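Being a predicted model, the structure only gives us computed values, none of them experimental. Residue numbers start from 1 in every chain, and the chains themselves are labelled A, B, ... in the order their sequence lines are given, proteins ahead of strands.
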Number of protein chains: 2
Amino acid sequence: MSTASLGLLAFIAARGYEQRLHEELRRAGFTATVAQFRLAARIDEGGSRLSDLARAAQVTKQTAGFLVDQLERNGYVERHPDPSDARARLIRLAPRGLAAQQAARAAEERLDAEWADHLGPGAVAALRTALERLRPLVDPYDAPD
Amino acid sequence: MSTASLGLLAFIAARGYEQRLHEELRRAGFTATVAQFRLAARIDEGGSRLSDLARAAQVTKQTAGFLVDQLERNGYVERHPDPSDARARLIRLAPRGLAAQQAARAAEERLDAEWADHLGPGAVAALRTALERLRPLVDPYDAPD
DNA sequence: CTAGATAGTCAGCTACTCTGACGATCATGT
DNA sequence: ACATGATCGTCAGAGTAGCTGACTATCTAG
């Protein structure tokens, strides 16, 4: 009843947020799937290796490769050889990917502001603090934005 | 960097929680997929209709039916005719499903306690309050546990 | 008793994710 | 120099999860 687990509550919040974000990006003309965006969000400015991306997003290399294929086909990312390692290739955001990233950041700001409006400044700060402190506990690897 | 969106933070927390829960259930001998458990968690004590389950879990009737098929095959749920409507069938937890539900509740209590330990009593209360207040905003339908 | 809504299912498709195996390359120790 | 083992990415094959569309049976309202 009033005793939903913290996990379920976090899941519901995260799902709602992600759906809204995906919808806003779709309306802005950036048609990619949630899984694709999730992976793309981990791409470093200077380019990322597939294996690192896979680790960060917690999927296998194969899955990451599959998603990068789609993103590449749709013009969001490019693959370049890695000068420091002939086995590896650097995945970088293409211009369209950068535009999508900007749109995503703007949408996230709007959504965060909406949550802040709903909760009030103190409660939203407490929420952020709690979630940030949980992060290393639940996901020791996860690199920041 | 330190400015991850609230959505990403909630996603990371929810994913970590769900993975831990799934792992504990698996170890206890309850082998079902995350999607199956997500749906099963919505089954009402007196039985639920497929359509209601689908709405609650935010999937289509077809997807819900697919998942219930798996759950039924593995002995977690049973389908009974609905006395009040010949079109409908009531989906109820079978004994094994009830056992899994108990195990899940115990695991959730442990995980919640772990988060509370990590955050402290005040912060975890603030987290719960914030997430509960967000719930109607992001997901107007969602029925409680 | 007809018209429309609802419950569930069937068929077909797409997306995501995994395991296992593999060739190429790098790093290290001898 | 070179053998050994690890790592990078890929290919092949599979299973799960989710969708749309179409359909039958049944219920509900006029």
Legend entry - side-chain N/O B/T63 vs D/dC19 OP1/OP2, d < 4.0 Å: yes
Legend entry - Euclidean distance, atom CG of residue B/L39 to atom P of C/dG8 [Å, nearest integer]: 12 Å
Inset, instruction - Please round to the nearest 0.5 Å and tell me the distance separating atom NE2 of A/H118 and atom CZ of B/R133. - result: 6.5 Å
Inset, instruction - Please determine if B/R20 and B/E24 form a salt bridge, counting it only when a charged side-chain N lies under 4.0 Å from a carboxylate O. - result: yes
Legend entry - Atom pair distance, as rounded to whole Å: CG in A/L67 and P in C/dT14: 17 Å
Legend entry - Distance test, side-chain N/O of B/Q58 to OP1/OP2 of D/dG18, below 4.0 Å: no
Inset, instruction - Drop me the distance from A/D112's CG to A/Y17's OH, to the nearest 0.5 angstrom. - result: 3.5 Å
Inset, instruction - Please answer whether the main-chain N or O of B/N74 pairs with a side-chain N or O of B/R96 as donor and acceptor at a distance below 3.5 Å. - result: yes
Legend entry - Aromatic ring pairing B/Y76/B/F30, orientation class (parallel under 30°, perpendicular over 60°, tilted between): tilted
Legend entry - Stepwise side chain to side chain contact (heavy atoms under 4.5 Å, CB included) test for A/E18 and A/H22: CA-CA 6 Å; A/E18 203 169 51; A/H22 187 236; 5.7 Å; no
Legend entry - Backbone N/O of B/R55 and side chain of B/R42: donor-acceptor pair under 3.5 Å: no
Legend entry - A/F66 or B/Q62, whichever maps to the more 5' nucleotide of DNA chain C: B/Q62
Legend entry - Ion pair A/E23/A/R26, N-O distance below 4.0 Å: yes
Legend entry - Check against side chain to side chain contact (heavy atoms under 4.5 Å, CB included), A/I91 and A/R49: CA-CA 6 Å; A/I91 295 147; A/R49 292 189 181 179; over 6 Å; no
Legend entry - Whole-Å gap separating C1' (C/dT6) and CG (B/L50): 12 Å
Legend entry - Near-strand residues of residues 72-87 of chain B, defined as heavy-atom separation under 4.0 angstrom from DNA chain C: B/R79, B/R87
Legend entry - Whole angstrom value for the distance that separates C1' of C/dA5 from CZ of B/R49: 13 Å
Legend entry - Length of the line joining A/F37:CZ and C/dA15:C1', which is rounded to integer Å: 15 Å
Legend entry - Residue-phosphate contact under 4.0 Å: A/R89 side-chain N/O, D/dT10 OP1/OP2: yes
Legend entry - A/Q102 CD: over 12 foreign heavy atoms closer than 6.0 Å: no
Inset, instruction - Respond yes when some side-chain nitrogen or oxygen of B/T33 is under 4.0 Å from OP1 or OP2 of D/dA17, and no when none is. - result: yes
Legend entry - Residues from residues 19-29 of chain A lying under 4.0 Å of DNA chain D - heavy atoms: none
Legend entry - B/H80 side-chain N/O to B/R92 backbone N/O, donor-acceptor pair under 3.5 Å: no
Legend entry - Overall bend - the helix from C/dC1-D/dG30 to C/dT30-D/dA1, comparing terminal axes fitted on five pairs, nearest 10 degrees: 30°
Legend entry - Spacing between A/D69 atom CG and C/dA15 atom C1', to the nearest angstrom: 13 Å
Legend entry - Residue A/V59, side-chain heavy atoms: nucleotide from D/dA17, D/dG9, C/dC18 that is nearest: C/dC18
Inset, instruction - Grab the NZ-C1' distance between A/K61 and C/dC18 for me, whole Å please. - result: 13 Å
Inset, instruction - Mind calculating the distance between CG (A/L71) and C1' (C/dC16) to the nearest angstrom? - result: 13 Å
Inset, instruction - Without swapping roles, check the side chain of A/R128 against the backbone of B/A4 for a donor-acceptor pair under 3.5 Å. - result: yes
Legend entry - Phosphate-side-chain proximity, A/T60 and C/dT19, N/O vs OP1/OP2 below 4.0 Å: no
